[in-house]
Amino acid sequence: MGWFFLLFAALAIFGALMLVVQKNPIVSALYLVVSFASLAGLFVLLHAPFLAAVQVIVYAGAIMVLFLFVIMLLNLRYDVDDGMAHVARRMFGWLLGIVLFALGWVILRRPTALGPTGTESPEAVAGAGNTQVLAERLFTDYLFPFELTSLVLLVAILGAVVLAMRRTARNEEEIEEAP
Amino acid sequence: VNWFPAGEPSLEAYLLVASILFVIGTVGVLVRRNALIMFMSIELMLNAANLAFVAFARYLDALDGQVFVFFVMVVAAAEVAIGLALIVNLFRARETVYVDEVDTLRG
């Protein structure tokens, strides 16, 4: 168990680092897939098999395919270094990252106690199965937020359609006819 | 902090991984100029938060954290659809996705 955690954690962090460091956007995207897949492994270790599956299907699958499509559509060049301004920005960024991490580390090292625990321990959930218990929570306690997500997705669809339709031929005629 | 009590990683171990991933995502947004890579770094930060949610759900014996991860994923999917459409439109208008080169306000 501990070895699997170390493996997946190391892979997730390695993929994330390579995402930031790589110059070729496609390689960056593929390393992000590595990171997402290892996060799915960590979800399995945390007794969340449904979320692990969704992580692979939605994140490593759908979202990253969208990213790769756009990268290929735009035919991006490699990132170019542009001298001192870029170096200064990079140093500043990593410095700020280290400060942020040190802040988190200080908080993490403080002795803390967990609050009151619930009843849905992995052993208690194992009978019905994680997916079924999750669905019961989703369709009872969280029914209203769940319905709201449909609205979020509808707005996203409308927004994507409006943004994609902006430069159709008919639209450009209208733009040209305008004074 | 005892990172591996009885062989299984502790909550702190998961939180450490989540914080490292979040910081790398932050650095990615700060350091890179490619809007697509900055966007991917934001996705990485969302995933780090998801890992913290699932870890707390596991160690507090409550599935609410997992339900929240589900909602975060829905919002992330919607966000990616809109964000990528915006980036494609930006590229059509300016022939670039580098945020440094998009620095004038008058379109």
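Proteins get letters first, then strands, A, B, ... in listed order; numbering begins at 1 in each. The basis for the numbers below is simple: all heavy atoms, side chains too, and nothing from hydrogens, waters or symmetry mates.
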Minimal non-hydrogen separation, B:R92 against A:A164, with atom names: NH1-O, 3.8 Å
Examine A:F144 and A:L151 and state if one hydrophobic cluster contains both, with Ile, Leu, Val, Met, Phe, Trp and Tyr joined whenever side-chain heavy atoms are less than 4.5 Å apart. yes
To the nearest 0.5 Å, atom CD of B:E79 lies from atom CD1 of A:I63 at 8.0 Å
Report the distance from atom CG of B:D64 to atom CG of A:D141, rounding to the nearest 0.5 Å. 7.5 Å
Scanning both residues in full, the closest heavy-atom pair of B:V54 with A:A48 reads CG1-CB, 3.9 Å
Chain A contact via B:L36 - side chain, backbone, both or neither, heavy atoms under 4.5 Å: both
Mind ranking A:I98, A:N130, A:L148, A:L95 by heavy-atom pairs under 4.5 Å with chain B and telling me who comes out on top? A:N130
Specify which of B:V75, B:L15, B:T26, B:L16 makes the most heavy-atom pairs with chain A at under 4.5 Å. B:L16
Is B:S41 close to chain A through its backbone or its side chain, or both, or neither, when contacts mean heavy atoms under 4.5 Å? both
How about B:L60 and A:P116: do any of their side-chain heavy atoms sit closer than 4.5 Å? no
Highest number of heavy-atom pairs under 4.5 Å with chain B: which of A:S121, A:G15, A:S28? A:S121
Residue pair A:L96, B:V27: steps toward the side-chain contact (heavy atoms from CB on, under 4.5 Å) verdict: CA-CA 8 Å; A:L96 219 63; B:V27 171; over 6 Å; no
Quick one, B:F70 and A:Y142 - any side-chain contact, counting heavy atoms below 4.5 Å? no
Point-to-point distance, once rounded to the nearest 0.5 Å, from CD of B:E12 to CH2 of A:W105: 10.0 Å
Which residue out of A:A156, A:S35, A:A10, A:A160 racks up the most heavy-atom pairs below 4.5 Å with chain B? A:A156
May I have the step-by-step check of side-chain contact (heavy atoms from CB on, under 4.5 Å) for A:L46 and B:L51, ending in yes or no? CA-CA 9 Å; A:L46 283 166; B:L51 180 61; 4.1 Å; yes
Is it possible for you to say whether B:V99 and A:L19 belong to one hydrophobic cluster, with membership spreading through side-chain heavy-atom contacts below 4.5 Å? yes
So NZ of A:K23 and CZ of B:R32: to nearest 0.5 Å the spacing works out to 6.5 Å
Measuring heavy-atom distances to chain A, does B:L11 have an atom under 4.5 Å in its side chain, in its backbone, in both, or in neither? side chain
If you tally heavy-atom pairs under 4.5 Å against chain A, which of B:V29, B:V17, B:I87, B:V67 wins? B:V67
With side chains defined as the heavy atoms from C-beta onward, is the minimum distance between B:M40 and A:I71 less than 4.5 Å? yes
Chain B: which of A:V152, A:V58, A:L66 shares the most heavy-atom pairs with it under 4.5 Å? A:L66
Check whether any side-chain heavy atom of B:L46 lies under 4.5 Å from a side-chain heavy atom of A:Y59, and answer yes or no. yes
Give the member of B:N50, B:I82, B:V97 that has the highest number of heavy-atom pairs under 4.5 Å with chain A. B:I82
Tell me whether A:V33 is reachable from A:M18 by hopping between hydrophobic residues (I, L, V, M, F, W, Y) whose side-chain heavy atoms are closer than 4.5 Å. no
Are B:L21 and A:V56 connected in a single hydrophobic cluster, I mean Ile/Leu/Val/Met/Phe/Trp/Tyr linked by side-chain heavy atoms less than 4.5 Å apart? no
If you look at every heavy atom in A:L163 and B:N89, which pair is closest and at what distance? O-ND2, 3.0 Å
Do A:L138 and B:F53 belong to the same hydrophobic cluster, where Ile, Leu, Val, Met, Phe, Trp and Tyr are linked whenever their side-chain heavy atoms lie under 4.5 Å apart, directly or via other members? yes
Quick one: what part of B:F68 sits under 4.5 Å from any heavy atom of chain A, side chain, backbone, both or neither? side chain
Would you mind checking which part of B:A57 comes under 4.5 Å of any heavy atom in chain A, side chain (CB onward), backbone (N, CA, C, O), both or neither? neither
What part of A:A29 gets closer than 4.5 Å to chain B, counting heavy atoms only: side chain, backbone, both or neither? both
Residue selection (most heavy-atom pairs with chain A, distance under 4.5 Å) from B:L63, B:L30, B:L44: B:L63
Scanning both residues in full, the closest heavy-atom pair of A:P122 with B:D61 reads CD-OD1, 3.7 Å
Residue part contacting chain B, namely of A:M91, when any heavy atom lies under 4.5 Å: neither
After noting the C-alpha distance and the side-chain angles of A:F101 and B:F22, does the key distance pass the side-chain contact (heavy atoms from CB on, under 4.5 Å) rule? CA-CA 9 Å; A:F101 177 72; B:F22 190 89; over 6 Å; no
Could you grab the distance from atom CG of A:L17 to atom CD1 of B:I20, nearest 0.5 Å is fine? 9.0 Å
Heavy-atom pairs under 4.5 Å with chain B, option from A:T119, A:L114, A:L153 with the top count: A:L114
For the candidates A:T149, A:V155, A:V54, which exhibits the highest count of non-hydrogen atom pairs separated by less than 4.5 Å from chain B? A:T149
Contact between B:V31 and A:F92 at the side-chain level, heavy atoms closer than 4.5 Å - yes or no? no
Starting from A:F69 and following side-chain heavy-atom contacts under 4.5 Å between hydrophobic residues (I, L, V, M, F, W, Y), which residues can be reached? A:V65
Parallel under 30°, tilted from 30 to 60°, perpendicular over 60°: which one fits the rings of B:Y14 and A:F5? perpendicular
Is a side-chain donor or acceptor of B:N47 paired with a backbone partner of A:F36 at a separation under 3.5 angstrom? no
Heavy-atom cut-off 4.5 Å, strictly under: side chain, backbone, both or neither for A:L39 against chain B? side chain
Could you give me the CA-CA distance, side-chain angles and deciding distance for B:Q66 and A:V133, then say whether side-chain contact (heavy atoms from CB on, under 4.5 Å) is met? CA-CA 11 Å; B:Q66 296 192 18; A:V133 178; over 6 Å; no
